[in-house]
Amino acid sequence: MRFAASPIRGLRPRGPRSRTQSTLGRTTAGALAPRRTCFAQWNPRMLERNELMRQRLAKIAAVRAAGQVPYPNDFVPTATSTDAYAWFAADPLRLAPFSAIAETSEPVLDAGAVKLPAPWTRMAGRVLAINVKGKVAFLRVQDRAAVHLPAARKNDDDLRETAGLERRNQEGATFQFFFSRDADPETFDALFKPTEGAAWDGPRLDIGDIVGGQGRYFRTKTSEPSLHLAANDEPALRILTKAVRPLPDKWHGLSDTETRLRQRYVDLIVNDDVRETFRRRAKVLQGIRGFLDRAGYVEVETPMMHPILGGAAARPFRTHHNALDMPLYLRIAPELYLKRLVVGGIERVYEINRNFRNEGLSVRHNPEFTMLEFYRAYATYEDLMVEVETLIAELAVAVAGSTTVTWGKNADGTPRVIELQAPFRRVKIRDGLREWGGLTDAQIADEGALRKKAEELGVHIDSHASLGKVQVELFEAIAEPHIVQPTFVMEYPAETSPLARRNDQQPDFVDRFELFIGGIEISNAFSELNDPVDQHERFEAQLLQKAKGDEETMEMDLDYIRALEYGLPPTAGCGIGVDRLVMLLTNSENIREVILFPHMRPELAQKADNAEQTSGDGAGA
RNA sequence: GAGCCGGUAGCUCAGCCGGUAGAGCAGCAGACUUUUAAUCUGUUGGUCGAGGGUUCGAAUCCCUCCCGGCUCACCA
């Protein structure tokens, strides 16, 4: 019943299209209903095929029918778009319109037209726009190097201005192919014009296809750097991969957040800023590794599956090992393993990898996130402050080009400017509560007074929270507007930091800092507790907290105690939330903008359900 | 987990005081030998997120559910 329309559509008179329909019948239209049922059987998602996709599938069938390979893999490009733009910028002669001649020739002036030698070049990429104008066609092609083009294009524009030409308003990071029918009439007609009597008589090239073209560089009448396609022993332009699905609107692009994140591949194709964000993310990782490697740190990988929960206060994901029949946690932090390695003599050690925390999602939280942790023997948390601010300033220059970055907006809507030049400000929790919260020393030591203040401010504080935890939470609420610029917050109470070393003068506090930038926590570090007896007692205190109902406590890790008993050198360790750092350096306010595939509810649940109903109907009809 | 907002053509969106769907782009057909969101002419394309209810009649009103966004809660 649901398919009642299909045969009608198939039989509907199409005028000039009817011949095509009958020709196509073998491949799609004639077997429409049975094929649909078949799709439903092997993959429900195939039901999404629409008219546009059926046309494109027909084009692939037409290529096959002509005895050609629809997905060839023998095309090897000799230049990227970056190479091409560099060639145009390399010689002032190439700034104005010209046509190309063989690279062995000398520049000539022929009938008023400038001709410059240009190398025979092969380029490949995805077609983002097609503009056929009679017997010439313009293609906008995107390749792997195109991510670098915003800068290259700007340079190109600067050069054009220098040369007295108007600035081009090129859309996106692409390179242009120019195809004149004269150069290869057979290919031109096959790709852009209907062909009488062929299996598919319409154009074969679509936006979204991957193509390979060959020819010589030249500039169009309007000075656009282009590749002038020409036939050689092979066609001037070949489709290397046919896209079955159409790309989003060339002007509005893809803006629906859900689709962007679920189909990140499309997002990356059509949104230049997304490609740029992840290129920068790669540079951040590269920069971190370079910085630490130069400082003599060794990169390691420790277990992601932990038998014992530890290293942070967080709820875990649980999993199970079948053969051993034992429960395992996905790690919430690598800390305890990394310090075992320092015991083992790797005195400077770091790991960049995923942590998993079973908590809610937000603009700043993804269940799996990338954490850098590094540990340095014979150093204190104060040494690490210097190391961290140096690292971040260096990364900012490498990735964003300056220690001054903009991130988000101020209350008045203007861009918020953040200065990442070292040194960063240092603030003690107690001082913050006093100065920004208007609290007296007596109040700060009085849990009741602090909770009352929290209530006044509308800050929710867990009833299990100890005095120290109340102090920290209240501080974070009060200080937030004051810690837009990078700030090290220090003097954390011991009970909130079971792995940190006590301060020698004030044993109720630990030698720890958290780094806040733009109001979000970027880093957490402390001098490590290396007294095995104290560590054992603190684990026991954690167990006591757990008994009271705190779900985010650590478990007793006797092997870690044993490691400490062998002797952990005086060590300081630091964790940096890499995703959040990338957010800062890419002006992304949502963590999902810096994670390629952020966690989302599965999309197939509903679709499969729908498809089931549909195929059920189909079988009945 | 709670509150608010949203889901309409491949994409971006109108339509939402009930009368069975529109635009632009993409697609298809035609014209055009240097375009820049090319232009001009014609045209195809829709289980209006899913299910149920009210009604002669539902994209529109009501209920339930699914998915997403924002804010909050928990956290880094």
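Reckoned from all heavy atoms, side chains included, excluding hydrogens, waters and symmetry mates. Residue numbers begin at 1 in each chain, while the letters A, B, ... track the order of the sequences.
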Looking at every strand, decide which applies to [X] at a 4.0 Å heavy-atom threshold: base, sugar-phosphate, or nothing.
X       : value
M600(A) : sugar-phosphate
V132(A) : base
R580(A) : base
G577(A) : nothing
A333(A) : nothing
F179(A) : nothing
N358(A) : nothing
G253(A) : sugar-phosphate

Between [options], which nucleotide has the shortest distance from any of its atoms to the side chain of [X]?
X       : options                : result
E359(A) : C67(B), C74(B), A26(B) : C74(B)
L52(A)  : G27(B), A76(B), G68(B) : G27(B)
P246(A) : C11(B), G27(B), G10(B) : G10(B)
S255(A) : C13(B), A76(B), U34(B) : C13(B)
T220(A) : U36(B), C13(B), U33(B) : U36(B)
D249(A) : C25(B), U12(B), U34(B) : C25(B)
P194(A) : G68(B), C32(B), A29(B) : A29(B)
Q176(A) : U71(B), U36(B), G68(B) : U36(B)
I207(A) : U33(B), G27(B), U71(B) : G27(B)
S362(A) : A38(B), G27(B), A73(B) : A73(B)

Nearest-angstrom distance from the residue atom [atom1] of [X] to [atom2] of [N]:
X       : N      : atom1 : atom2 : value
R219(A) : U36(B) : CZ    : P     : 17 Å
H599(A) : C67(B) : NE2   : C1'   : 13 Å
F356(A) : C74(B) : CZ    : C1'   : 20 Å
E224(A) : U34(B) : CD    : C1'   : 10 Å
D189(A) : U33(B) : CG    : C1'   : 13 Å
R364(A) : C72(B) : CZ    : C1'   : 13 Å
K133(A) : A31(B) : NZ    : C1'   : 11 Å
R56(A)  : G45(B) : CZ    : C1'   : 14 Å

message: Taking the ring centre of each residue, are F218(A) and H228(A) less than 6.0 Å apart?
response: yes
Q. Aromatic ring centroids of Y85(A) and F175(A) under 6.0 Å?
A. yes
Exercise. Could you give the distance separating A59(B) and G49(B) at their C1' atoms, to the nearest angstrom?
Key: 12 Å
Interatomic distance at C1', C13(B) relative to U8(B), whole Å: 9 Å
Look at [X] and [N] and indicate whether a side-chain polar atom (N or O) is within less than 4.0 Å of OP1 or OP2.
X       : N      : result
K469(A) : C74(B) : no
R181(A) : U33(B) : no
R262(A) : G68(B) : yes

With sequence neighbours left out, the residues meeting salt bridge (Lys or Arg N to Asp or Glu O under 4.0 Å) with D249(A) are none
| message | What I want to check is whether an N or O donor and acceptor connect the side chain of E51(A) with the base of U44(B) at under 3.5 Å. | response | no
Taking donor-acceptor contacts at under 3.5 Å, does the side chain of D256(A) reach the base of G7(B)? no
G1(B) -> Watson-Crick or G-U wobble partner, both distances under 3.5 Å, gives C72(B)
As its Watson-Crick or G-U partner within any shown strand, both distances under 3.5 Å, G27(B) has U43(B)
>> What I'd like to find out is whether the side chain of L261(A) reaches to under 4.5 Å of the side chain of I595(A), using heavy atoms alone.
In response: no
Result for 5'-nearest mapping on RNA chain B, choosing between S226(A) and I130(A), is S226(A)
Ranking E368(A) and L361(A) by the position along RNA chain B of their nearest nucleotide, the one closer to 5' is L361(A)
Examine the side chains of Y337(A) and E335(A) and answer whether a donor and an acceptor come within less than 3.5 Å of each other. no
Q) Strictly by modelled atom types, are E514(A) and S523(A) linked by a side-chain donor-acceptor pair under 3.5 Å? A) no
For W251(A) and G24(B), do the ring centres fall under 5.5 Å apart while the planes stay under 30° apart? no
Original post:
Quick one: is the NZ or CZ of R512(A) closer than 6.0 Å to the six-membered ring centre of Y492(A), and within 45° of its axis?
Top reply: yes
For F138(A), the ring-ring contact (aromatic ring centres under 6.0 Å, His included) test, sequence neighbours excluded, returns F178(A)
